[in-house]
Amino acid sequence: YAFLDQYFGRGIVGGHLYSVDAHGQEAARLALDILHGGQPSEIRPVERASSIDLFDGRQLRRWGIDEARLPAGSVVRFRDVSPWERYRTSIVATAGVVILQSALIVALLLERRVRRRAQSALLESQARSEIAGVSLGVGFWSWDPDRDRVWISEQCARLLGFERRSYPPLSSFLDAVRPHTGASLDDAFEGAMRDGAPFDGEWAVATPKGGTRWIAGAIRTSEETHGRRRVTGAFVDVTERRSAERLAEEQRRELSHLGRVAIVGELSAALA
């Protein structure tokens, strides 16, 4: 310990130090008064209490002295400021950014997991649809108006002549399946694609090889989230059924003709 502040910072712990600095400041003030025109004979002597309780924080830590034991109002200099006290704002800001980034990363990972599950479920649903379509001879399709592309199943692609796993634009898809009967069926098909009205019907389509096949189709529209609209449909190849019906109709006509011929023959024999 010491009693003059000129030794402060040179190894002493501190004490009730006589401040030479305070006397120097008071002497400078008196000199300024004289320089500004004051008369030295008019300046009264000054005796200021210039001792303060001043301590060196480094020495307190060295000797293990708790600051709580110091006199009230003591001044502690050269105190080692902790990183938290010195960089509190930067630490808080950095921690906030790190927490925010971590939350965003977790949210993105969860969103990615949900999206992968949805994609897996969609692929599984498409696979089941294709299996059902192949076994039943049904081709499924779905149109997303926002992206303007049409998903078609394997059976539907085979039926309409598209490549497998292709996503044809709506214009190409409609050129392949739009009915051209010149009747109300055409208007109903257009209304189903444009306005979302339900549609069911049978019509003939041209095959890529130049032939004609008969299909039975149905179209339905569903409303998804955020007002999105999705149009789905199914096609069944009924060419064989139509051929069988046409053959049966021809056979009925032939049977009717043969029946009429037989009746005429019996009448002729009876008349003879």
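If you read the sequence from its start, that first residue is 1, and numbering goes on from there. Just so we're clear, the structure is a prediction, and the values are computed from it rather than from any experiment.
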So CG of L4 and CD1 of I12: to nearest 0.5 Å the spacing works out to 8.5 Å

Hey, are the side chains of D186 and F189 touching, using non-hydrogen atoms and a 4.5 Å cut-off? no

F8 and F78: aromatic ring centres closer than 6.0 Å? yes

Distance check, rounded to the nearest 0.5 Å: R77 atom CZ versus L60 atom CG? 13.5 Å

Side-chain heavy-atom pair M193, W143 within 4.5 angstrom cut-off: yes

Approximate separation, where rounding is to 0.5 Å, of I52 CD1 and L17 CG: 7.0 Å

For the residue pair I215 and E202, establish whether any side-chain heavy-atom pair is separated by less than 4.5 Å. no

Would you find more than 12 non-hydrogen atoms of other residues, nucleotides or ligands less than 6.0 Å from R113 atom CZ? no

Would you say E67 and V76 make side-chain contact, with heavy atoms under 4.5 Å? yes

Taking atom OG of S74 and atom CZ of R69, what is their separation to the nearest 0.5 Å? 12.5 Å

Would you say that F235 contacts V205 through its side chain, given a criterion of any heavy-atom pair below 4.5 Å between the two side chains? no

For the side chain of S90 and the backbone of Y87, is there at least one donor-acceptor N/O pair under 3.5 Å apart? no

Taking the side chain as every heavy atom from C-beta outward, state whether Y1 and Y7 have any atom pair closer than 4.5 Å. no

I219 side chain near W141 side chain, heavy-atom distance below 4.5 Å: yes

Donor-acceptor check, side chain of D195 to backbone of A197, threshold 3.5 angstrom: yes or no? no

Whether over 12 other heavy atoms sit under 6.0 Å from R116 CZ: no

Could you tell me if the side chain of V75 sits less than 4.5 Å from the side chain of F55, heavy atoms only? no

